[in-house]
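Before any comments, here is the structure.
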Number of protein chains: 2
Amino acid sequence: MGMGRPRAFDADAALERAMDVFWRHGYEGATIAQLTEAMSINPPSLYAAFGSKEGLLKAALDRYTEKRDAWMDKVLDAPTAHQVAERFLMEHADAQTDPANPPGCLLVQGGLACGTGSENVPFELAARRTRTEDQLRERFVRAKAERDLGDSADPATLARYLSAVTSGMCVMASSGADRNALREIAAVSLKAFAEQAKA
Amino acid sequence: MGMGRPRAFDADAALERAMDVFWRHGYEGATIAQLTEAMSINPPSLYAAFGSKEGLLKAALDRYTEKRDAWMDKVLDAPTAHQVAERFLMEHADAQTDPANPPGCLLVQGGLACGTGSENVPFELAARRTRTEDQLRERFVRAKAERDLGDSADPATLARYLSAVTSGMCVMASSGADRNALREIAAVSLKAFAEQAKA
DNA sequence: AGATATCTGTAGTGTTCGCTACAGATGTGG
DNA sequence: CCACATCTGTAGCGAACACTACAGATATCT
């Protein structure tokens, strides 16, 4: 028995296009017609490969998370907690205003509040954001063990603070804030971090 | 000639209900059916009073902004820039986790990225957020004139920073962060503000 | 009271949504 | 070369969407 006709499109390249549409219009604002056109495929191919609109989003999020993890590895590899925070904040400022992508971040612009039937989407996005926060926290726990953070510094609070600031930068990017504006925010936040870190 | 049958519902009360629906589901996630049911009116009454779904949102935003302005007046009346920042941050933490409202803030959860045909909505929300930032900046300009802020402190940067942090808190609230979590973020941010303010 | 103007509720309108049935195309395994 | 399995493109499905035509109700103004 045969193995069937092979797929005529590159799933990863298609996901990259889908990511852009979800990012620019949000999950609910993105239509199947826009997605299929951006992906250069027809609806049946989309549904055969990804199951549903939500399945496509999850696949796009998986791909996004994969790339983000590689990026986070570099960030977390910085020798000190302060440098971790600096890289995290500054590179976020750059990425969120990179003209190659829509403004902000897929995990925020994708949809904070959705309609009935899509309640799972904000939840899914939140879980991925929390993952980044967890990675930061664990890194700061290590930093504390290495005496790189003060005794009264709380890794969870520091991680949550950085997560909140970068999320806020997403909202600012959505309002049209440019790279310099986000970098200024990052710079102020970094000083706050330093202040907390040495406590 | 007569003046016609009078409206049988209270427009302000209806807007309050509409606000809640937009807040909880976002602009695109909110359906006319949900809105009319929450407002206890029928579609023709909605369209006679507000023109369209987007018109209803703008009316709800106007009402939201009105209440927010009254609140901001109180915040801006604090004697020092530091106390302005403290009230702004802490009361945001409380408001965004007030069980009387959906989590976060209408100006963020309402929709950062929308579909084709609703491009105006994120723009409208952004304009209202910018308004708050402008109010803060002007207050800090005054504070600087009063020698309440250091010479190298930049009112625009400080205002943008506070705006970013509260927007970030909205995202955290959407992820399920509770009041204490947001207050911790506010506390760290306040120290950053103090550091910048005395510079 | 009568004419007029506006609101209200019922019951839809056309359009777009996410999704799929189907037939033809294109590969693999025997 | 043939049977089979899977993909592709066309064309369209039912449902839900934002919105409205219409008729009856209820007010004001003369």
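What you are looking at is a predicted structure, and each value in this text was computed from that prediction instead of being measured.
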Notebook entry, point to check: Heavy atoms under 4.0 Å, any strand shown: does B:P43 hit a base, just sugar-phosphate, or nothing?
Noted result: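 Base: the residue B:P43, judged by heavy atoms under 4.0 Å, touches a nucleobase.
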
Next item on the list: May I ask you to say what A:F9 touches in the nucleic acid, namely base, sugar-phosphate or nothing, with a heavy-atom cut-off under 4.0 Å?
Entry: sugar-phosphate

Just the rounded figure in Å: distance from [atom2] of [N] to [atom1] of [X].
{"X": "A:Y27", "N": "C:dC17", "atom1": "OH", "atom2": "P", "answer": "14 Å"}
{"X": "B:E37", "N": "C:dG9", "atom1": "CD", "atom2": "C1'", "answer": "16 Å"}
{"X": "A:D10", "N": "D:dT8", "atom1": "CG", "atom2": "P", "answer": "12 Å"}
{"X": "B:F50", "N": "D:dA18", "atom1": "CZ", "atom2": "C1'", "answer": "16 Å"}
{"X": "A:Q34", "N": "C:dT16", "atom1": "CD", "atom2": "C1'", "answer": "12 Å"}
{"X": "A:R7", "N": "D:dA5", "atom1": "CZ", "atom2": "P", "answer": "19 Å"}
{"X": "A:L46", "N": "D:dG9", "atom1": "CG", "atom2": "P", "answer": "13 Å"}
{"X": "A:I41", "N": "D:dT10", "atom1": "CD1", "atom2": "P", "answer": "14 Å"}

Next item on the list: Report yes if a side-chain nitrogen or oxygen of A:Y47 is closer than 4.0 Å to either non-bridging phosphate oxygen (OP1 or OP2) of C:dT20; otherwise report no.
Entry: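 The answer is no; no side-chain N or O of A:Y47 sits under 4.0 Å from OP1 or OP2.
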
Note to self: Between A:S45 and D:dT8, is there a contact of a side-chain N or O with OP1 or OP2 at under 4.0 Å?
What the structure shows: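 A:S45 to D:dT8 OP1/OP2: side-chain N or O found under 4.0 Å.
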
Residues [X], [Y]: salt bridge by 4.0 Å N-O rule:
{"X": "B:E138", "Y": "B:R142", "result": "no"}
{"X": "B:D151", "Y": "B:K144", "result": "no"}
{"X": "B:D20", "Y": "B:R24", "result": "yes"}
{"X": "A:R179", "Y": "A:D98", "result": "no"}

Margin query: Checking the side chain of A:K67 only, and the main-chain atoms of A:D62 only, is there a donor and an acceptor separated by less than 3.5 Å?
Written below: no

Notebook entry, point to check: Out of D:dG9, C:dC7, D:dC19, which has the shortest distance to the side chain of B:S52?
Noted result: D:dC19

Check: Out of C:dG29, C:dT10, D:dA18, which nucleotide sits closest to the side chain of A:M3?
Finding: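 Of the options given, the side chain of A:M3 lies nearest C:dG29.
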
Note to self: Tell me whether the side-chain N or O atoms of B:R5 pair up with the base of C:dA5 as donor and acceptor below 3.5 Å, since no angle test is needed here.
What the structure shows: no

Check: More 5' along DNA chain C: A:P44 or A:I32, using each one's nearest nucleotide?
Finding: A:I32

Next item on the list: Return the 5'-most residue of the pair B:A33, B:P6 with respect to DNA chain D, ranking by each residue's nearest nucleotide.
Entry: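 Of the two residues, B:A33 wins.
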
